[in-house]
Amino acid sequence: MTHRVSTLSRRTVLEGALKGSVLLALPVLQFACGKKEVVCSDTAGLTADEIKMRKTLDYSDTTADPAKTCSNCQLYKPAAADQCGSCTLLKGTIHPKGFCKSWAAKAT
Ligand code: SF4
């Protein structure tokens with residue numbers, strides 16, 4: 001009968017636990033600092049056609065062009081600060097820093 005010798009050292013185990021603790025604490029720290037990331041990509045409650053429309057227009061919570069965001073699109077309806085807004089074209093929540101193919105500059 002042979003016994004298997006563990007190759008995990010105490011240091012390896014402690015380092016792993018520390019890294020895990022830091023990763024678990026990040027969302028809490030972000031929230032405590034008021035930097036909780038706003039996520040507006042939840043499609044719960046939307047119909048299949050509404051979800052398809054978001055995909056067809058490549059809606060994203062981010063933009064490749066900082067000059068073109070939902071917040072400066074004429075179809076965007078803002079909500080309170082740091083909250084998801086809405087759009088007259090796409091159903092569901094819309095990120096102020098998001099973008100889709102139907103972006104249209106706000107009239108000035
Ligand atoms: Fe954002 Fe597109 Fe709606 Fe304009 S049309 S607010 S870019 S989702």
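Since we're looking at a predicted model, the values are computed, not measured. Ligands are counted one by one from 1 in listed order, and the atoms in each one are counted from 1 as well.
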Next item on the list: Please step through side-chain contact (heavy atoms from CB on, under 4.5 Å) for the pair His95 and Tyr59, ending with a clear verdict.
Entry: CA-CA 10 Å; His95 199 292; Tyr59 171 75; 3.4 Å; yes
Margin query: Please evaluate residues Phe99 and Asp58 with respect to the criterion side-chain contact (heavy atoms from CB on, under 4.5 Å), reporting the C-alpha separation (whole Å), side-chain torsions for both, the decisive distance (0.1 Å), and the verdict.
Written below: CA-CA 8 Å; Phe99 178 79; Asp58 282 339; over 6 Å; no
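Between Tyr76 and Thr69 the shortest side-chain heavy-atom distance does not fall below 4.5 Å.
Not a single salt bridge (charged side-chain N to carboxylate O under 4.0 Å, His left out) links Lys55 to another residue, sequence neighbours left out.
Counted within 6.0 Å of NZ on Lys77, heavy atoms from surrounding residues, nucleotides or ligands total 12 or fewer; the atom is thus considered open.
Per the SG-SG cut-off, Cys84 and Cys40 are bridged by a disulfide [distance under 2.5 Å].
Excluding water, every protein N/O/S atom under 2.8 Å from atom 3 (Fe) of ligand 1 is given here by residue and atom: Cys87 SG.
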